[in-house]
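Read the structure below first, then the notes.
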Protein chains: 2
Amino acid sequence: MVRRGGRGRGAEKRERILRAAIKIFSHKGFFNSKISDIARSAGVADGTIYLYFKNKDDLLISLFEEKMAEVVADVRGRVAAGNGALSRLKIFIENHMSLLVREAGLIEVLQVELRQSNKFMKEYVPVKFLEYLDVISEILELGKREGTFRRDLNVTMARRAVFGALDEIALAYVLSRKRKYDPADAAAEIYRMFAEGLCTTAQNREGRT
Amino acid sequence: MVRRGGRGRGAEKRERILRAAIKIFSHKGFFNSKISDIARSAGVADGTIYLYFKNKDDLLISLFEEKMAEVVADVRGRVAAGNGALSRLKIFIENHMSLLVREAGLIEVLQVELRQSNKFMKEYVPVKFLEYLDVISEILELGKREGTFRRDLNVTMARRAVFGALDEIALAYVLSRKRKYDPADAAAEIYRMFAEGLCTTAQNREGRT
DNA sequence: CCCTCTTGAATGAATCGTCATTCACCAAGA
DNA sequence: TCTTGGTGAATGACGATTCATTCAAGAGGG
C-alpha cells in the first residue's frame with residue numbers, strides 16, 4: 001500500500017506534481033494554466049492531482065509554502081556563516097540573486113502569482129514568505145545592535161525596501177530575454193546601494209533634507 | 001452624432017468604463033472580474049464595452065497606458081520644481097506614496113496586474129510604465145552630473161531598486177487593512193534609505209566588502 | 001505455491017458552470 | 001426615414017472538478 005502523506009512513493013508523485021506545476025505556472029501564469037497541462041507534464045491523470053491537492057488554489061499555495069520553506073531554511077544556514085550584519089546582508093542579497101539561476105521557475109511563480117494570492121485569497125497568509133522577510137529583519141536588527149546600521153532605522157520599512165529592490169531587479173532580469181547583466185554583478189550593485197546609499201562620500205554628510 | 005474617439009460624450013462614457021474597470025479590477029483582480037461587473041458598475045450594457053475596447057485584455061492595457069500617462073505627466077511637472085537631484089528624488093518618492101491615497105485603485109491594479117500582463121502578453125510593452133522609470137533615471141543622471149550621486153552608480157539597476165522599494169512598501173500598505181503607517185512618513189524613511197544608506201556615519205567609510 | 005479476494009490508488013471521460021464575445025434589434029436624433 | 005450608438009439575451013468554448021471504473025499488489029486460505 002502506498003501512503004500519500006509519508007516518505008513513500010506517494011510523496012514522490014506529489015513532488016512530481018509540484019515540480020510540474022512550477023514549470024507550467026511559470027510559463028503561462030496561474031490563470032492560463034490548465035490542470036490537464038500540469039497533469040500531462042507530471043505524467044499523471046487529471047484526477048490524480050485531486051488526490052494530492054484539494055483544488056487548483058491549494059496546489060498553488062502548497063507550492064508557495066513548501067518550496068519557500070526550503071528556500072528559507074537554506075538561506076538561514078548561509079546567512080549564519082557571515083560575521084557581522086554587513087556580511088550577512090551581502091550573503092542574503094547574493095543568495096537571492098543566485099536563486100534566479102538555481103530556482104528560476106519558483107522565483108518566476110512567486111514574482112507574479114504571490115501578489116495575486118496574497119491580495120485575493122482572503123484566508124491565505126503567506127507564512128513562509130513572511131519568514132523570508134524575517135531573515136532580513138534579523139540581519140537589520142543585528143546591524144543596529146552592532147552599531148553598523150543607524151539606530152533609527154525603521155526595520156519593518158527597510159526590510160520591505162530591501163526585498164522590493166531585489167524582487168524588482170530579479171523581475172527585470174527574468175523579463176528581459178537578453179539577460180543583459182549577470183545576477184552576481186547585480187547583487188554587488190544592490191548591496192552597495194543599501195550599504196552606502198546613492199550619494200558620494202562628500203554628499204553623505206550634507207544630503208539630508 | 002457621438003464620436004467615440006474625441007472629446008464628445010463618447011469620451012465621457014469611455015472614461016466611466018475605465019474608472020469602473022479600475023474599481024472592479026482592484027477589488028477582485030483581473031481574472032476574477034466579469035465584464036458584466038464592470039458594465040454594471042459603469043452603468044452601461046455589456047456590449048457597450050466592446051464599442052470602446054477590443055476585448056478584456058485591451059481594456060486592461062488601455063487602462064494601464066492611459067492612466068499611467070496621466071501619472072507620468074503629473075510627476076514630471078512636480079519633479080521639475082525641485083532643484084537638485086536629492087530634492088527631486090524626494091519629490092518623486094513623496095509623490096509615489098501619495099498616489100496610494102489619491103489613486104488607490106489604480107496603484108492596486110498596477111501592483112498586481114502589471115507583472116502578469118508584462119510577462120504573459122507577449123505583444124504588450126508597458127510604454128508608460130517604462131516612462132515612469134525614466135523619470136527616475138533622469139533624476140539619477142542629474143545627480144551624477146551634479147556630483148551628488150556616485151559616478152559609478154548603475155542607473156539601470158538603481159532605478160529599478162528605487163521603484164522596487166517603493167512598490168513593495170506601497171503593496172504592504174495596501175494589503176495591511178490596519179494602515180499601520182502614514183504614507184508620508186514612509187516616504188521620508190525610504191528617501192533616507194537611498195540618500196544615506198543603511199549605515200551609521202562611522203560605518204559608511206569602512207562598510208565596503 | 002497458487003488462486004481468489006479485498007483495498008484503495010489512479011484514471012480520464014463526462015458534467016456543470018461560468019463567462020467573454022457576438023449580434024439582431026431598439027430608440028433617438030438628424 | 002435613415003443612421004448609429006447602445007442594448008442584453010443567446011451562444012459557444014473552455015476547463016475545473018467529479019466519479020464510475022480499472023488495475024496492481026498484498027492477504028490469506030487451501
Side-chain angles (χ1 to χ4, degrees), chain A residues 1-25 27-63 109 113 116-117 120-121 123-124, chain B residues 1-25 27-63 109 113 116-117 120-121 123-124:
Chain A
M1 194 250 279
V2 175
R3 55 185 65 261
R4 281 174 294 170
R7 292 291 106 216
R9 284 233 342 285
E12 178 263 347
K13 185 162 290 189
R14 183 191 164 91
E15 184 61 27
R16 274 223 313 283
I17 295 171
L18 280 177
R19 257 198 291 276
I22 291 178
K23 182 169 158 193
I24 303 293
F25 287 159
H27 276 316
K28 326 183 31 166
F30 178 74
F31 285 102
N32 299 314
S33 299
K34 294 175 254 193
I35 286 290
S36 57
D37 291 341
I38 296 170
R40 184 159 355 95
S41 168
V44 301
D46 294 12
T48 305
I49 290 181
Y50 290 86
L51 297 176
Y52 293 90
F53 303 94
K54 192 150 66 64
N55 54 34
K56 200 183 170 190
D57 283 5
D58 182 48
L59 176 54
L60 180 66
I61 286 175
S62 303
L63 186 165
V109 176
E113 310 301 342
Q116 290 270 353
S117 320
F120 301 118
M121 298 181 184
E123 346 68 56
Y124 172 53
Chain B
M1 196 251 280
V2 175
R3 56 184 64 262
R4 282 173 294 169
R7 292 290 104 215
R9 281 230 346 284
E12 178 263 349
K13 185 161 292 189
R14 181 190 165 92
E15 184 61 27
R16 276 224 313 282
I17 295 172
L18 280 178
R19 257 199 291 276
I22 291 178
K23 182 169 159 193
I24 303 293
F25 287 160
H27 276 316
K28 327 185 26 166
F30 178 74
F31 286 102
N32 299 313
S33 299
K34 293 175 256 193
I35 287 291
S36 57
D37 291 341
I38 297 169
R40 184 160 354 95
S41 169
V44 301
D46 294 12
T48 306
I49 290 181
Y50 290 86
L51 297 176
Y52 293 90
F53 303 94
K54 191 150 68 65
N55 53 34
K56 200 182 170 190
D57 282 5
D58 182 48
L59 175 54
L60 180 65
I61 285 175
S62 303
L63 186 165
V109 176
E113 309 301 342
Q116 290 270 352
S117 319
F120 300 118
M121 298 180 183
E123 346 66 56
Y124 173 54

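Lettering follows sequence order; numbering is per chain, from 1. Keep in mind that this is a model prediction, so the values were computed, not measured. As a basis for the values below, the full set of heavy atoms in this structure was taken, side chains included, without hydrogen atoms, waters or symmetry mates.
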Geometric cation-pi criterion A/K13 and A/Y52, 6.0 Å radius, 45° cone: no

Side chains of A/H27 and A/K23 in contact at under 4.5 Å (non-hydrogen atoms): yes

Minimum-distance nucleotide (side-chain atoms of A/L51 versus C/dA9, D/dG6, C/dT21): C/dA9

Between C/dG8 (C1') and A/Y52 (OH): distance, integer Å: 11 Å

Nucleotide nearest B/V44 when distance is taken to its side chain, options D/dT7, D/dA16, C/dA20: D/dT7

Expected output: side-chain B/S41 to main-chain B/D37 donor-acceptor under 3.5 Å: no

Side-chain donor or acceptor of A/K56 paired with backbone N/O of A/S33 under 3.5 Å: yes

Contact under 4.0 Å: A/S36 side-chain N or O vs D/dG15 OP1/OP2: no

N/O (side chain, A/K13) to phosphate O (OP1/OP2, C/dA10) under 4.0 Å: yes

Pairwise side-chain contact, A/D57 with A/Y124, heavy-atom cut-off 4.5 Å (strictly under): no

Among C/dA13, D/dT7, C/dT21, the nucleotide that comes nearest once only the side chain of B/Y50 is considered: C/dT21

Minimum-distance nucleotide (side-chain atoms of A/D46 versus C/dA13, D/dA16, C/dA9): C/dA13

Among C/dT11, D/dA16, C/dC19, the one nearest A/T48 by side-chain distance: C/dT11

B/Q116 vs A/F30 side-chain heavy atoms within contact, under 4.5 Å: no

Closest listed nucleotide, where the reference is the side chain of A/A45 and the choices are D/dA16, D/dA9, C/dT11: C/dT11

DNA chain D: 5'-proximal contact among A/K54 and A/N32 (nearest heavy atom): A/N32

Among C/dA20, C/dT11, D/dT17, the nucleotide that comes nearest once only the side chain of A/I35 is considered: D/dT17

Close side-chain approach of B/V44 to B/I38, heavy-atom, < 4.5 Å: no

Nearest-nucleotide pick for A/N55, side chain only, options being D/dG15, D/dT17, D/dG8: D/dT17

Rounded distance in Å - NZ (B/K34) to C1' (C/dT21): 16 Å

Separation of C/dT22 C1' from B/K56 NZ (nearest whole Å): 17 Å

Bend angle of the helix from C/dC1-D/dG30 to C/dA30-D/dT1, from helix axes over five pairs at each end, nearest 10°: 10°

